[in-house]
Undergrad: 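Next up is a structure, given as structure tokens.
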Amino acid sequence: PTANFKLDVEGDLMLGETGGTDNSIIDQKQNGHLYLINSGSTGNTGRIGINKWNTIAGGTTLYRDFIVYDGKANAILTVDGSAGSTALSGALTVSGLTNLATNGSGYALKISENSGGGGEYFQLGVNSYGGLEFYNETTKVAEFYDTGDFKIPDSLKILMGTGDDL
């Protein structure tokens with residue numbers, strides 16, 4: 001049948017060549033876990049690709065998205081192929097060194113007041129001299145020079161206490 005059929009496999013489903021050693025496995029455990037296992041590489045270069053092409057023949061004329069849900073129809077990870085962007089919904093925990101590269105405008109991190117967008121935001125960036133720059137939206141409000149000096153524009157103040165100007 002070409003539609004509405006069920007493949008019933010006892011144990012693991014192995015994909016690859018008959019008798020091959022470089023096969024991949026879909027392993028459905030009785031505890032509700034599903035594992036995709038790439039056993040086709042003897043080194044540390046094995047990978048599982050998602051949406052590399054948009055046809056079986058290797059076509060690349062159309063974009064594809066990839067979405068992970070939480071089991072209750074809520075998207076928690078969305079990779080938008082046409083926009084080249086990734087959106088996370090919920091908390092993000094990162095451990096280890098995390099590298100951020102600036103975009104064409106010199107910004108690397110944008111912190112918004114709310115997730116709906118359109119609100120106030122700050123941005124951080126690194127300039128071509130190695131200085132860490134702070135922006136209120138797109139207006140530079142402070143900079144740490146690569147020498148360690150801290151500078152704010154002359155038109156701005158540092159306020160301490162009850163409106164005291166430093």
Side-chain angles (χ1 to χ4, degrees), residues 1-127 132-144:
T2 58
N4 299 321
F5 65 92
K6 175 182 176 184
L7 176 64
D8 193 355
V9 177
E10 182 69 32
D12 300 332
L13 173 62
M14 185 170 292
L15 306 172
E17 299 294 325
T18 303
T21 58
D22 294 340
N23 294 331
S24 294
I25 301 163
I26 299 175
D27 184 9
Q28 198 280 318
K29 299 292 187 188
Q30 290 301 309
N31 61 4
H33 292 53
L34 176 69
Y35 298 100
L36 301 177
I37 303 166
N38 180 354
S39 65
S41 177
T42 58
N44 293 324
T45 58
R47 65 181 69 150
I48 295 174
I50 298 173
N51 290 338
K52 184 173 181 179
W53 300 289
N54 61 50
T55 67
I56 191 101
T60 58
T61 57
L62 301 171
Y63 290 103
R64 295 292 183 252
D65 297 340
F66 174 72
I67 303 172
V68 176
Y69 294 89
D70 65 358
K72 296 184 177 191
N74 300 305
I76 55 175
L77 170 68
T78 302
V79 179
D80 185 325
S82 63
S85 65
T86 303
L88 297 168
S89 177
L92 171 65
T93 302
V94 179
S95 62
L97 179 64
T98 302
N99 294 306
L100 299 174
T102 58
N103 64 10
S105 298
Y107 310 127
L109 179 65
K110 182 177 182 178
I111 304 170
S112 299
E113 92 175 274
N114 60 46
S115 61
E120 297 286 326
Y121 60 91
F122 273 85
Q123 298 187 98
L124 298 177
V126 177
N127 64 28
L132 175 62
E133 297 178 328
F134 297 81
Y135 295 86
N136 181 349
E137 298 187 1
T138 58
T139 301
K140 185 165 115 177
V141 295
E143 177 181 356
F144 277 105

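Only this structure's heavy atoms are used, side chains among them; waters, hydrogens and symmetry mates stay out.
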Undergrad: What residues form a side chain to side chain contact (heavy atoms under 4.5 Å, CB included) with Ile111, not counting sequence neighbours?
TA: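 With neighbours one apart ignored, the set is Leu109.
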Undergrad: Hey, mind stepping through Leu36 and Ile26 against side chain to side chain contact (heavy atoms under 4.5 Å, CB included) and telling me if it holds?
TA: CA-CA 5 Å; Leu36 301 177; Ile26 299 175; 3.8 Å; yes
Undergrad: If every non-hydrogen atom of Leu62 is compared with every non-hydrogen atom of Asn54, which pair is closest and at what distance?
TA: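 That would be N-ND2, 2.6 Å.
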Undergrad: Can you find a heavy atom in the side chain of His33 that is under 4.5 Å from one in the side chain of Asp27?
TA: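 No; the side chains remain at least 4.5 Å from each other.
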Undergrad: Which residues satisfy the side chain to side chain donor-acceptor pair (under 3.5 Å) test with Asn127, sequence neighbours excluded?
TA: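 Glu133, Glu143.
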Undergrad: Go through the structure and list residues passing side chain to side chain contact (heavy atoms under 4.5 Å, CB included) with Ile50, not counting sequence neighbours.
TA: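 Partners of Ile50 by the side chain to side chain contact (heavy atoms under 4.5 Å, CB included) criterion, ordered by chain and then number, come out as Phe66.
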Undergrad: Sequence neighbours excluded, which residues qualify as side chain to side chain contact (heavy atoms under 4.5 Å, CB included) partners of Ile56?
TA: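 Checked Ile56 against side chain to side chain contact (heavy atoms under 4.5 Å, CB included); zero matches.
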Undergrad: Between Phe122 and Val141, what is the shortest heavy-atom contact and its length?
TA: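 Taking every non-hydrogen atom into account, CE2-CG2, 4.3 Å.
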Undergrad: Which pairs with one or both residues in residues 74-102 pass side chain to side chain donor-acceptor pair (under 3.5 Å), sequence neighbours excluded?
TA: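 Every side chain to side chain donor-acceptor pair (under 3.5 Å) pair that includes a residue of residues 74-102, provided the two are not neighbours, is Asp70-Asn74, Asp80-Ser82.
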Undergrad: Thr138: what forms a side chain to side chain contact (heavy atoms under 4.5 Å, CB included) with it, not counting sequence neighbours?
TA: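 Residues passing side chain to side chain contact (heavy atoms under 4.5 Å, CB included) with Thr138: Tyr107, Tyr121, Gln123.
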